[in-house]
Amino acid sequence: MTPCPHPCVAAALIAARRSGQPAPASDLAHVLRSDDQAYAIQDAVAQALGWFDGGPPRHWKSGGAARTAALTHAALPAAGVRTAGQSLADLRWHQPAVEAEIALRLARDVTPAQAQQLTHADAPYLVDAMAVAIEIADSRWQEGLQAPAALRLADQGSHGALLLGGWLPNHRGHDWAGQRCEVRFGAAPGAAPAIENTGAYSLGDPLWLLPIWLRHATRGARTVPAHTVVTTGSWVGALPMPADTDILVRFPGLGEVGLRAGRVHAAPDASTAQAH
């Protein structure tokens, strides 16, 4: 069989988003052979669906399994970004999963030339605020999060929605190794977290990825605007999301975000004032 040309991967994703019916990945598993090809598909889908016709992306995801691994990135459609009090009733998922993350907000514009010069030591000075976040991962492939990695990357990194908590000032030198993360499902008072960990973030410090992400985001001579937001990868992997259940992600000292009765709940942590 003649290999399917790259446009048919984009066509499958576009059709899946428009119809709400996921596409089979099996026939396309060997079409994409590099991250660059997957990013070209991301761009083609975004252009076809008009996600960024009004200006550059203002929300991104980035992350990786380790500092020695290649990081991956995706620009996120604004329609799936929600903040405190907003409903998720208009969003539909197939096999959603919860990821507990820290989001960062840029303090200033970053040009392509500036991005090329950035070092990891510059990262703390690029950010004016951080927030606790939930990424709801989902897939346009029938195989869900088990689809081949390149096809998941082409599908905006299996992005479903982004829930943002309240913004905190960026405090340089935060103790990320000592930072705890908790995820709870259900509203039972005193219920133990479904998962909790301390210092489990794969890159050590969320700010570490900023220069790498910004070099990607400024491809094609694009400037990344001030107040652009990037999520930085999950502290808990991807936890299957129970249907019609309250969700809470808490980073003690930083805050919490979740779902209560289908609406986004966000609050500062009671210890935030003491922690910072």
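One is the number of the first residue; the rest follow in order along the sequence. Model, not experiment: these values are computed from the prediction.
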Between atom CD of Glu99 and atom NE2 of His159, what is the distance when rounded to the nearest 0.5 Å?
-> 10.5 Å

Does Arg105 make a cation-pi contact with Trp167, if we ask for NZ or CZ under 6.0 Å from the ring centre and within 45° of the axis?
-> yes

Working to the nearest 0.5 Å, report the span between CG of Leu151 and CD1 of Ile41.
-> 9.0 Å

Over 12 non-hydrogen atoms of neighbours within 6.0 angstrom of CZ in Arg67 = yes

Under a 4.0 Å N-O cut-off, is there an ion pair linking Asp90 with Arg82?
-> yes

Closest non-hydrogen atom pair, Asp27 against Val31 = O-CG2, 4.5 Å

More than 12 non-hydrogen atoms from neighbouring residues, nucleotides or ligands closer than 6.0 Å to CD on Gln86, yes or no?
-> yes

Considering residues at least two apart in sequence or located in another chain, which fulfil the salt bridge (Lys or Arg N to Asp or Glu O under 4.0 Å) criterion with Arg140?
-> Asp155

Closest heavy-atom pair, Gln42 versus Ala75, reported as atoms and distance to 0.1 Å, is OE1-N, 4.2 Å

In short, Pro252 meets Gln179 closest at the heavy-atom pair O-NE2, 2.9 Å

Calculate, to the nearest 0.5 Å, the distance between atoms CG and CD belonging to Leu162 and Glu101 respectively.
-> 8.0 Å

Would you name the heavy atoms of Leu145 and Ala97 that are closest together and state the gap between them?
-> CD1-CB, 4.1 Å

Could you label the plane-to-plane angle of the Trp60 and Trp213 rings as parallel, tilted or perpendicular, counting under 30° as parallel and over 60° as perpendicular?
-> perpendicular

Non-hydrogen atoms of Tyr39 and Arg219 that approach each other most closely | CB-NH1, 3.8 Å

